[in-house]
Colleague: 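This is the structure I want to talk about, given as structure tokens.
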Number of protein chains: 2
Amino acid sequence: MKIDPNSSKDLSAQIAQAIKEAIISGQLPVDERLPSESELSEQFDVSRPTVREALKRLAAQSLIRTQRGATGGAFVNRLSFEDAYAQQITTSTLLLSMNAVSFETACEARYALERACAPLSAQRREADHLATMRAEIHRQSQPGLSDEAFCASDVAFHRALVDGAGNPVLSYQLAGAVEAMQPSMNMITFTARSRSEIIALHTRIADAIEAGNPIQADAALSELQTYTVKLADDVIAKRAAAK
Amino acid sequence: MKIDPNSSKDLSAQIAQAIKEAIISGQLPVDERLPSESELSEQFDVSRPTVREALKRLAAQSLIRTQRGATGGAFVNRLSFEDAYAQQITTSTLLLSMNAVSFETACEARYALERACAPLSAQRREADHLATMRAEIHRQSQPGLSDEAFCASDVAFHRALVDGAGNPVLSYQLAGAVEAMQPSMNMITFTARSRSEIIALHTRIADAIEAGNPIQADAALSELQTYTVKLADDVIAKRAAAK
DNA sequence: AATTTTCATTTGTCAGACATTTAATTGTAT
DNA sequence: ATACAATTAAATGTCTGACAAATGAAAATT
């Protein structure tokens, strides 16, 4: 392997790129051990710190894991759905907070994706996901609940809906969309009135899923979207008025 | 800022985590300059190489960018949709290839998400996205096209459909799902017969979008999904028979 | 005033060393 | 011979100190 020392990019970035491509192409299979840092530094003709910076870049993307000790080293990591969730969530969160995405746009995306799941959830309707949804609805109706806890429960409800589709790829894709919305949702002050409204819609959704009725689920989700946007608009209007 | 030197995690991982949290929480706003590497090494009470490893971890996630020179340093990076797309695509691709996700599962996820976009596309139906879809359909009907080129055009068609929803958050979420499928799609050998079938369905989708008819678009997408899964099954069956 | 030169700052890279972890090997005692 | 303890080797983790290269600002020069 060779590296261009006159490139505009850092050596560590180039080395990371080269190894990354080897992983993506399948040249380096899962659990394969990379050469030791010393060997890599010889192969790429760079110093060990430079190799290490490259490896840390890959580790940050969960592409490799490292282990110390005699039989240690850097190993190609099997990217788990769990790791991917976490990355997806932070990326989505930052994307929303840094790019002035409107609440409405984010909300539209989130509900569009959830509505894609609803028919599959209604079709499969597994007992444990339904139980989770019911449990979260029950929690949401507790009187002493803080707004943050209410939002967290809301996220849990929607994740159960998504997971109910029984498709891990969908769950992974949507984890970001649902969780990334939480910071904006936390801005909303949920009155007793709005909570009961939301709980009623959640109940309708759960009922529709349980009944295997995708059309009703879709309708309830649609109403929930409209209502959520309205609540956010009210908060924004109230803030503007306070100024 | 302090770091626990007895933690199970690497120092560089802890430092990266601390800075990452500062960015996510908004303590470090976009374009803010971090302290220089020497200053950070003093603040965290570690050596400069350790700080550098931490910074490279952040750079790998597009959270910071670095610049050399007198006024250089590490700056908090505004995570662009473009950067996020790229990350999303590699993560999704690896997730699919490393976890033995069945073609059917991936396909189901992809089409569920696309069907979530179709109504929005039909509602907004911007001229340039429609033009892209028509152009890709035309390309797909060229006789000399390789299977890879046909697949690439297929991806372009579906991306135009998704982008037509006019929601960048949706586009970002779906970029991964659509593009990650390409390696599996490339396994399929597209006969003249199957190509004309797919083109007919693409045309129906484009027509439905242009007419602002989400129901027809959904129906065509549903048929396309069924047909795609059937094609893949045929390939798998043929391979099994060849053994 | 414009241009060139110098300079200080900062990241990028290197070399070498020591610390720490870990598993295999070796040695020892029962 | 087996069980247990000590040693050893290999690998990552961390540190120190140094130099190279880029870059903008300040100083010097024309």
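Here is the naming used below: chain letters follow the sequence lines, and residue numbers restart at 1 for every chain.
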Colleague: Just how far, in rounded Å, is P of C:dG16 from CD of A:Glu37?
Modeller: 17 Å

Colleague: Output the rounded distance in Å from CG (B:Asp10) to P (C:dA19).
Modeller: 19 Å

Colleague: Answer yes or no: is there a donor N or O on one side and an acceptor on the other, between the side chain of B:Arg124 and the main chain of B:Ala165, under 3.5 Å?
Modeller: yes

Colleague: Using atom CD of B:Glu53 as one end and atom C1' of D:dT16 as the other, report the distance to the nearest whole Å.
Modeller: 15 Å

Colleague: According to a strict under-4.0 Å criterion, is B:Thr50 in side-chain N/O contact with OP1 or OP2 of D:dC15?
Modeller: yes

Colleague: Is a salt bridge present between A:Arg48 and B:Glu53, judged by a nitrogen-to-oxygen distance below 4.0 Å?
Modeller: no

Colleague: Side chain of A:Ser47 only, please: which of C:dA15, D:dG13, D:dT16 is the nearest?
Modeller: C:dA15

Colleague: Does A:Thr66 place a side-chain N or O at less than 4.0 Å from the phosphate oxygens OP1/OP2 of D:dG13?
Modeller: yes

Colleague: Counting only side-chain N and O atoms of B:Arg52, is one of them less than 4.0 Å from OP1 or OP2 of C:dG12?
Modeller: yes

Colleague: Scan B:Arg33 against the nucleic acid and name what it touches under 4.0 Å (heavy atoms): base, sugar-phosphate only, or nothing.
Modeller: sugar-phosphate

Colleague: Take the protein atom CD1 of B:Ile64 and the nucleotide atom P of C:dT10, then report the distance between them rounded to whole Å.
Modeller: 16 Å

Colleague: Over how many whole Å does the gap from A:Leu40 atom CG to C:dC14 atom P extend?
Modeller: 14 Å

Colleague: Nearest of D:dT23, C:dT11, C:dT22 to any side-chain atom of B:Ala70?
Modeller: D:dT23

Colleague: Closest approach to the side chain of B:Lys56, judged atom by atom: which nucleotide of C:dG12, D:dT12, D:dA10 is it?
Modeller: C:dG12

Colleague: Is there a donor in the side chain of B:Tyr172 and an acceptor in the side chain of A:Thr91, or the other way round, less than 3.5 Å apart?
Modeller: no

Colleague: For C:dT9 and B:Thr71 - does any side-chain N or O of the residue sit under 4.0 Å from the phosphate oxygens OP1/OP2?
Modeller: no

Colleague: Round to a whole Å and report the spacing from CD1 of A:Ile15 to C1' of C:dG12.
Modeller: 12 Å

Colleague: Would you say the side chain of A:Arg68 and the base of C:dT22 hold a donor-acceptor pair, judged only by whether the two atoms sit under 3.5 Å apart?
Modeller: no

Colleague: How long is the line joining CD of B:Gln67 and C1' of D:dG24, in whole Å?
Modeller: 10 Å

Colleague: Taking the six-membered ring of B:Phe44, is NZ or CZ of B:Arg52 closer than 6.0 Å to its centre and within 45° of its axis?
Modeller: no

Colleague: Return yes if the base of D:dG17 and the side-chain atoms of B:Arg48 contain a donor-acceptor N/O pair under 3.5 Å, otherwise no.
Modeller: no

Colleague: If I take atom CZ in residue A:Arg65 and atom P in nucleotide D:dA11, what distance separates them, rounded to the nearest angstrom?
Modeller: 17 Å

Colleague: Does any N or O in the side chain of A:Thr50 come within less than 3.5 Å of the main-chain N or O of A:Val46, such that one atom is a donor and the other an acceptor?
Modeller: no

